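Taking it in order: structure first as structure tokens, then the write-up.
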Amino acid sequence: MLPFQAQGANQAVEDAVVLADCVRAAGSDVPAALRRYDGLRLARTSRVQRASRETADTFHLGDGARQLERDQDLPGQWELSGRAWLLGHRAELAAAERLLAGPPPGAPSGDRSRRSVAN
């Protein structure tokens, strides 16, 4: 995880919450829990990583017209309302919704990850 969204520790906490829910839901089927965890986390962690890469590129512009344009746009780019997807994410709720939705397409029939994560 690149540091340019300041999300490394937060992603670790989200990972722990989702992994615990997946293991709880899968019972003793640890491979199913790990497959489910991967399916639940991949899209979000990829998005955070992409945003971090884009921010790194923006922060490391050399002097010149692009840098001046960036500096003028910077206050609007860091409005909290535009970062709700990042800062307002509730990992436990997202995992619960996806776990209750049933196994992902192509999951083995023995995947028990459909159990409620609230128990």
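Just so it is clear, the model here is predicted, and its values are computed rather than measured. In this chain, residues are counted from 1 in sequence order.
Here the CG atom belonging to Asp29 is positioned 11.5 Å from the SG atom belonging to Cys22, to the nearest 0.5 angstrom. From Gln7, atom CD reaches atom OG1 of Thr55 across 10.5 Å, with rounding to the nearest 0.5 Å. Atom NE2 of His89 is separated from atom CZ of Arg47 by 10.5 Å, given to the nearest 0.5 angstrom. Rounding to the nearest 0.5 angstrom, the gap separating the CG atom in Leu68 from the CG atom in Asp73 is 11.0 Å. Note that CG of Leu86 and CG of Asn10 are 7.5 Å apart. Values are rounded to the nearest 0.5 Å. Atoms CZ and CD, on Arg50 and Gln5 in that order, are 11.5 Å from each other to the nearest 0.5 Å.
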- Query: Given the rule in the side-chain contact (heavy atoms from CB on, under 4.5 Å) test, do Leu19 and Leu34 qualify, once you have shown the distances and angles that lead to the verdict?
  - Reply: CA-CA 7 Å; Leu19 184 58; Leu34 294 174; 3.9 Å; yes

- For Asp21 and Arg24, what are the C-alpha separation, side-chain angles and deciding distance, and is it a salt bridge (charged side-chain N to carboxylate O under 4.0 Å, His left out)? CA-CA 5 Å; Asp21 285 348; Arg24 187 180 306 112; 2.7 Å; yes

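In this structure, Glu69 places its CD atom where only 12 or fewer heavy-atom neighbours from other residues, nucleotides or ligands lie under 6.0 Å away. In Arg70, the CZ atom is crowded: over 12 heavy atoms of neighbouring residues, nucleotides or ligands sit closer than 6.0 Å.
For the residue pair Asp15 and Gln11, no side-chain donor N or O sits within less than 3.5 Å of a side-chain acceptor on the partner.
Not one N or O on the side chain of Arg44 forms a donor-acceptor pair closer than 3.5 Å with the backbone of Glu14. A donor-acceptor pair is defined here as one N or O able to donate and one able to accept, closer than 3.5 Å; no such pair exists between the side chain of Ser52 and the backbone of Val48.
If you chain together hydrophobic residues whose side chains sit under 4.5 Å apart, Val30 and Val18 fall into the same group.
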